[in-house]
Every structure is written in structure tokens, then in C-alpha cells.
2 protein chains.
Amino acid sequence: MSVHFRKLALIGIGLIGSSIALAAKRQGLVDVISIATRKQETLDEARDLKLGDIYTLEAAEAVRGADLVIICTPIGAYESVMKSIASALEPGAILSDVGSVKGHVVKTLTPLVPAGISLIPGHPLAGTEHSGPSAGFPELFTGRWCVLTPGPEVEPAKTEKLASFWRAMGSQVECMDATHHDMVLAITSHIPHLVAYNIVGTVADLEAATQSEVIKFSASGFRDFTRIAASDPVMWRDIFLTNRDAVLEMLGRFSEDLSALQRSVRTGDGPALEAMFTRTRAIRRSIISAGQETAAADFGRPHETAPVPDIAFVREHDGGEDA
Amino acid sequence: MSVHFRKLALIGIGLIGSSIALAAKRQGLVDVISIATRKQETLDEARDLKLGDIYTLEAAEAVRGADLVIICTPIGAYESVMKSIASALEPGAILSDVGSVKGHVVKTLTPLVPAGISLIPGHPLAGTEHSGPSAGFPELFTGRWCVLTPGPEVEPAKTEKLASFWRAMGSQVECMDATHHDMVLAITSHIPHLVAYNIVGTVADLEAATQSEVIKFSASGFRDFTRIAASDPVMWRDIFLTNRDAVLEMLGRFSEDLSALQRSVRTGDGPALEAMFTRTRAIRRSIISAGQETAAADFGRPHETAPVPDIAFVREHDGGEDA
């Protein structure tokens, strides 16, 4: 039942990497954590935050002797990371990642993985709109899913060991085919983000006077989209570059449906609009029942803030006391 | 400075109506609150919640002797409400509403308003995805905007009195032209809701197996859309029926932008995607600075929920303790 690794190497130390470091340490899952990142500044930040035990700018150095290596960089950096660590990997090690697209990861990494290394791509479905080493917190994975997409060549015992590691950090683990993962995530995550980025972009193109009013009155719906559209730009660029086919397929469906809805608005078809707006409620109830969401009104956002609080005031109330 | 009405009549007692009742009572803004609604069941619920002093199924009876009347029904019911109350309105009374579209309201109500009554349409930009009399709470308007759209014929003192009423309930008040209101709300509220309803609808059309996985993995972005798409269907039907022109104009811009973004995905234009995803971040920062949003990660959603909590458990944690 209890899972343990001697040395965990984290390549990249953003929101996910830092949260893994904090959760693995808190749960006593590893003896040593080594952290590698490309920028000195980020490395210094990770050290100041006491996220690990070893800090280096050389990924190869970080992975030496590690029995678990997790790549936590943007997907676009995987190939160069892999080339630099391949020869330094410890035989028998598990090699995993936390990228949001899995088919492309398998295609990129597989030819570069040396014999004796178990490649088990992973994707923790957890995150916030904040990025960087200081954004991490050890509860990030609690109650959230982690999907693993091991190929058929991987020993089941290795997959089970990695699954236990994620469970010990609070996740529920599910294994599936990489292609299937990418299709499900296209609709649950990638299209919502694309649409949110798009609507915020439409506002960014409005003339300045209107734009300032949109910001002023954003609480009426728009601000929810801006949260999603505040996520890490490089990570999302890479997601859309690497999960193109599934995204375009789902975007096609979305656009067809939007055209139909637009026609209902244009023709003033009240019964069609009401029917559409009614059946979507059931989906939310299912999500709350499935434990994937709070039932609190407005996400449990604080409602007793003072009129026109300044930023400092809002920060002070991070905790989110509800009405 | 201090504002006071003898009798406040609320026609319709959903989320907004009940919140006005609770806030006005708490702040001592009125002597008597009379509540009218069409359904006996809703009226009984309002009485059980002790929202007012007088309860009736006859709107005309509720408004008799009232110096402030606020229509809080869906917009589609305005014409029939107005016809039934017109002859019972007290000369000198202020007549207002809380509907999300203002141009249509002015057009519908103006010809039916008797002389001596000041029609000042209003729109509190506040709400949650919950509806009905029990969804209300007195802090709903705190720190939120309320837009008033008085016509040129209204005495400024009447507008100022209504504005003071909203300020006393915690709102910030802004006056503007009804048509301008409808254009700003189309982009801040109506298009975000339309898009959210649309994406949830796309999921509702997926085959059952995929749909259950979408629900399972909804935390990766989709669930934010389901909250918006869980709002009251009749209210939203009426919004799209009555703000058609502004909605179609803004939807046109949204669709053009989405086509451009789709092309960037199809052609794999990384720099264009990254540039787009970067500039949208600035908009969110402006919204947080403007005090319209919490800076807490993930809206301050609770992150320390146990794995697979059941609904009861989630409700218990409504307060939203953050990490």
C-alpha cells in the first residue's frame, strides 16, 4: 500500500511541479527531491521556497540516480529535455510527465526513451489560473483526477507504483488510451479555454471607452471567462499546437451548435431557447453529484466585500468567506 | 442622505426580489414590504421565509399605496403585470424593475405608465446561478453595480431617491442610456451566457459514454461554463428575445474572432496563439483592480475537499476555505 521513491526528479517547477514537490514531501513519499529548470531566476525562487533538496540548471544532473522522473515543462520543451536526459536516466526508472496532451507526448518521447525505462505519461487534471513555483500548494491534487496513459509495453507493477504515488497525493487515478484522453480533454478543457480566450480577445478589440465599461460591469458573466483566459499562454499555445485534430473536431461541433442557437435568437424562437437553456442545467447537477464542483452559489466567491475594494483588500480576503 | 419609502411593492419574488426584500429590511429603508407573485406555492415560500409584510396573488393589490414599486418578474411578463397594476399605482410613485435588458423594457412599459408615475428602469448587476425566493441573501448587491436608465422626462430628484435606495443596499449606481446599457451587457453578460449554454449543449449531444467522462473530468475548465449555463432558463430566454440586435452584433464579432483563432490552430501558428493568449491576461488584471473579482486562485473554490465527496459533504463546505 505505501509507496516510496528514493529520488524524485522534477524537470520544470511551475504550478504543477511545485505542487508535486510540496505534496510528495508532506506525505513522505520520497527521500530526495531534485529540481531542474532552465532559468536561474526560477531556480532561485524554487530554492527560496524550499521546494526540494537539490537544485540545478542541468536536467541530466537532476535525473541521475532518480527512480522517478516527472517532466513538468511546457510540452514544446519535451523533445530537448528528453535529448538531454536520455543517457543519464537510471535503469529501472519510471519516466512520467504532467502535460495536458498525451498522444503527442507519446509520439515525441517514445523514440527517445532508452531500454529499461518505463515511460508512463500522466496528466493531473488540476490547476488554477496562476503559474510559477510560488503558485503551487500541496492540496492541489486532492480529490482531482490524474489520468495515466501507459503503453502496452509497460509492466503493470510500474504503472501501479506511479498510480499509488498520485493517490498518496490525494488524486483519483484512471488509466486510458492517449488518443481517447486527448478527445475527452478537447471538450472538457481545450475548447472551453479557446472560447474563453476568444471572448476576452473580442473585448480587447473593442474601442477603449466600451472596454473600460466592460471591465467595470464584468461581474455579470464575463469575469468567469477572464479567469480561464488568464492561464499560462505558453502552456496553452503548446496544447493547441499538439492536440490540433481533436480540438478542430470538437470546435466544429461547437460552431455548428452556435449557428443553430444564433438562428433561434434571430428568429425569436422562444420555445427553442428555453428548451436549450433547461437541458443544460442537468449537466451541472451531474457534475456537482460527481464531486467535481462546489454547490455553493457563485463558486463560493466572497460576497461581502466592501464597495470598490482596492487590490490589497481583495488579496486579504483570499480565503473566500461566503455569504 | 438617508432614504426611506413607506411601502415597497415587489412584483415577483425570485433571487433578486427576495434579496431586495432582505436588504431593504435589514437597512431599514422601508416601513412595509408587499409581495405579489403569480403562483401560490412561491407566495407561500416567501411567507415562510418572512420576506415581507403583505402577501398577495394580485399585483394590483400589492402596489396600492406603494411609493416604490419594483417589477422583479421575467421580462416576458412585464406587459401583463403593467396592465394589471396601472390603474392601482399611487400618484407620485417610483416604478422600477430589475430586468437585464432595458431598451425593450422602456418600449413595453412607457405607453402603459399613467401620468404622475416616474418610470426609472433599473438593472442590478448581481446574481448567482440559483433562482427562487430561497436563493436570495441581503449581501447580494454589496459592491455590485446597479444601472438606472431614466428617460429625460423623469425628475432628477426621483432618480436620486432610487439611486440612494440602491446605494443603501450596498450597490454603486450608474445612470446611462437604455440602448447603451444593452450593448455593454450583450458583451459582458449575454454573449458569455450564450456561449456557455452552447458548449454545455454540445456536451449534452455527445454519446452517453463520452458524456459521463466529460462530467467526470469537468474540473479542467468545463465546469465553469456549466455554472453559467445553470442560470434561470426563462429569464435567459427573455433576454435573448428582447436584446436580439445587440446580441447578434456582438455574436458576429465573436464568431469572426473564433474563425481567426481556428485558422491559427489549423495552420499551427504558435506565435499568433501565444500573442493572443498573452494579451487576454491584462484584461483580467484590470477587472481585479476594478474590484469586480476576487484575486483568489480558482475563484477561492475549496481545494481541500475529500476525494469523491457526496453532495451533502460539498454543501457543508459552502464557505469555501482556500488553500
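Every chain is numbered from 1, with letters handed out A, B, ... down the list of sequences. This is a predicted model, so every value here is computed, not measured. All values below come from the heavy atoms of this structure, side chains included, with hydrogens, waters and symmetry mates left out.
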If we define contacts as heavy-atom pairs under 4.5 Å, which of [options] has the most with chain A?
options                        : value
B/M176, B/E256, B/H180, B/M250 : B/H180
B/S255, B/S231, B/A272         : B/S231
B/A204, B/A260, B/G268         : B/A204
B/R253, B/M183, B/E213         : B/E213
B/R266, B/M276, B/H190         : B/R266
B/F222, B/F240, B/F254         : B/F254

Please name the pair of heavy atoms, one in B/A186 and one in B/V247, separated by the smallest distance, quoted to 0.1 Å.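 Minimum heavy-atom separation between B/A186 and B/V247: CB-N, 4.2 Å.
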
On a heavy-atom basis, which atom in B/I287 and which in A/S218 lie closest, and how many Å separate them?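 Nearest pair, atom of B/I287 first, then A/S218: CG2-OG, 3.3 Å.
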
Only pairs of heavy atoms separated by less than 4.5 Å count here; which of [options] has the most with chain B?
options                        : answer
A/I191, A/T210, A/V203, A/V200 : A/V200
A/V265, A/V184, A/L125         : A/V265
A/L241, A/L185, A/L273         : A/L241

Return the [atom1] to [atom2] distance between [X] and [Y], rounded to the nearest 0.5 Å.
X      : Y      : atom1 : atom2 : result
B/H181 : B/H123 : NE2   : NE2   : 5.0 Å
B/I75  : B/I239 : CD1   : CD1   : 6.0 Å
A/S131 : A/L15  : OG    : CG    : 7.5 Å

Ring geometry between A/H193 and A/W236 (parallel below 30°, tilted from 30 to 60°, perpendicular above 60°):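 Judged by the thresholds at 30° and 60°, the geometry between A/W236 and A/H193 is parallel.
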
Identify which part of B/D269 has an atom lying under 4.5 Å from any heavy atom of chain A, answering side chain, backbone, both or neither.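 Only the backbone of B/D269 comes within 4.5 Å of chain A.
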
Side chain, backbone, both or neither: which part of B/I199 has a non-hydrogen atom closer than 4.5 Å to chain A?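 Its backbone and side chain both get close to chain A.
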
So, are B/R279 and A/D205 salt-bridged, with charged N and O less than 4.0 Å apart?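 The answer is yes: the pair qualifies as a salt bridge.
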
Can B/R26 and B/E139 be counted as an ion pair, charged N to O under 4.0 angstrom?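 Yes.
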
Where does A/L251 contact chain B at under 4.5 Å (heavy atoms): side chain, backbone, both or neither?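 Only the side chain of A/L251 comes within 4.5 Å of chain B.
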
